[in-house]
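In what follows, a single structure is set out as structure tokens and then discussed.
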Protein chains: 2
Amino acid sequence: MRWEPGSRSRLQEAALALYGERGFENTTVAEIAERAGVTERTFFRHFTDKREVLFWGAGALQELLVDAVAGAPDSAAPIDAVAAALAAAAALFEQRREGSMLRQDIITANTELRERELIKLAALASGLADALRRRGVEDPAASLTGEAAIAVFKVAFERWVDTTNRLTLTQLIRDSFDELKAVTAATSPPAH
Amino acid sequence: MRWEPGSRSRLQEAALALYGERGFENTTVAEIAERAGVTERTFFRHFTDKREVLFWGAGALQELLVDAVAGAPDSAAPIDAVAAALAAAAALFEQRREGSMLRQDIITANTELRERELIKLAALASGLADALRRRGVEDPAASLTGEAAIAVFKVAFERWVDTTNRLTLTQLIRDSFDELKAVTAATSPPAH
DNA sequence: TGGCCGATGTCAGTTGCTGACATCACCATA
DNA sequence: TATGGTGATGTCAGCAACTGACATCGGCCA
């Protein structure tokens, strides 16, 4: 074989390590490539972006969520379908708590990376909304349910990586869902 | 005077025009600067970024929202406080429907700009959450209410710029709030 | 065996963005 | 009125992200 196989995963590992050591901004694509034993050009053939290398798993996550919504029982209300999807996703993260935290530290430390994270989350939200529409949910409801689910996930995930917290992500997601329900239900002066 | 004053707003106008004409990616900062009668370097003194020039108003919007939450009556529930804030913001957009739509078309046409928009919205969400905490709202509730408000705003705004829609933004926001309440309340199998 | 294909390398070029330093109208104050 | 400081701009050099075009060559299929 002319080259070592798996250059993509080597690039991912190299990038994660370097971003962790010296930070995202102080890392050069050339350095990542060198560490992975390839050329800078090869990096950009595998990842559109210097940022994208950290978000390779997003596609699989989206698939998982969409499938979970599609597979929810017909009797399940939209909010319950997305709740089930988030529960499935949570299990995936729980398996790699350490890795998730390291990665998240890198992301939250840099604005550009947070931007990229947000657009991935937005894609998840609209993926969920699509899946709900396929179940016959009408449009304003579908979009809002998707957005609400992602909001819950964001808040729960943030609490989860906060090390002072000993709760499981699954539990935190459940709590956040309940809290969202409570908060949207409570209204002192009549709404309109 | 040595230079024409208002170079910042000239840069904004030039950028908006050029982004609209030939698209964001096909526009060079040098071109914007030339059109505004300044140097490329001056552009970057006013805006950190090629993107940021489109988001100059975000600060004012954030201030408006935060003030509205702070100014809501003590009796108002969190969800009602943020609803009032969004209503105030809506009025601001209604005044410039044309401009808002033009700007939004530019943003939605480009991924980098959508990323920037999302991080601005995220900042609004956490600004709202902060304002709620200052009113004594506890933390998971505060964050979730902020996120929920932004979710409502996103969905409502998207529908508003959709020209087939004749409804007012204020009305769409109210509807979206109601829809969110309905969606979070509906749950067929007991949640847990 | 020959030829196509896919992954990589090489190289030149554009553009976003930054740091360092110069300029010069304007303003305050002696 | 002279003097010196300040703020907004210009000039210039340079790095790093990203792209397009073309070359290379091992492996696989006909």
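Each chain gets a letter, A, B and so on, in the order its sequence line appears, and its residues count up from 1. Side-chain atoms are counted along with the backbone in the values below, which use heavy atoms only and exclude waters and symmetry mates. Every value quoted in this text rests on a predicted model; they were computed, and no experiment measured them.
- Put simply, CZ on Phe47(A) is 16 Å from C1' on dA17(D), counting in whole angstrom units.
- Qualifying salt bridge (Lys or Arg N to Asp or Glu O under 4.0 Å) partners for Glu115(A), counting only residues two or more places apart in sequence or in other chains: Arg51(B), Arg116(B).
- When only modelled atom types and interatomic distance are considered, Gln104(A) and Glu117(A) share a side-chain donor-acceptor pair under 3.5 Å.
- Not a single salt bridge (Lys or Arg N to Asp or Glu O under 4.0 Å) links Arg103(B) to another residue, sequence neighbours left out.
- Residues passing the side-chain hydrogen bond (donor to acceptor under 3.5 Å, both in side chains) test with Glu21(B), sequence neighbours excluded: Arg35(B).
- In this entry the distance linking CD of Glu34(B) with C1' of dT9(D) reads 17 Å, nearest Å.
- Every side-chain hydrogen bond (donor to acceptor under 3.5 Å, both in side chains) that Arg22(B) has, sequence neighbours left out, goes to Glu31(B).
- At a non-hydrogen distance threshold of 4.0 Å, nothing from residues 104-116 of chain B comes into contact with DNA chain D.
- Qualifying salt bridge (Lys or Arg N to Asp or Glu O under 4.0 Å) partners for Asp130(B), counting only residues two or more places apart in sequence or in other chains: Arg133(B).
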Give the B/S/- string for nucleotides 2-15 of chain C, one per nucleotide from 5' to 3', where a protein heavy atom under 4.0 Å of the base yields B, of only the sugar-phosphate yields S, and otherwise -. -----BBBBB---S

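- Between the CZ atom of Phe24(A) and the P atom of dA16(D) there is a distance of 14 Å, rounded to whole Å.
- Computed from coordinates, the Asp49(B) CG to dT18(C) C1' distance equals 13 Å when rounded to whole Å.
- Per the geometry, CG belonging to Asn26(A) stands 16 Å off P belonging to dC15(D), to the nearest Å.
- Taking the side-chain contact (heavy atoms from CB on, under 4.5 Å) definition, one finds that Ala83(B) meets it with Phe177(B), sequence neighbours left out.
- One atom, CG of Leu18(B), and another, P of dG16(C), lie 12 Å apart when rounded to the nearest Å.
- The salt bridge (Lys or Arg N to Asp or Glu O under 4.0 Å) check on Glu147(A) picks up Lys154(B), with sequence neighbours excluded.
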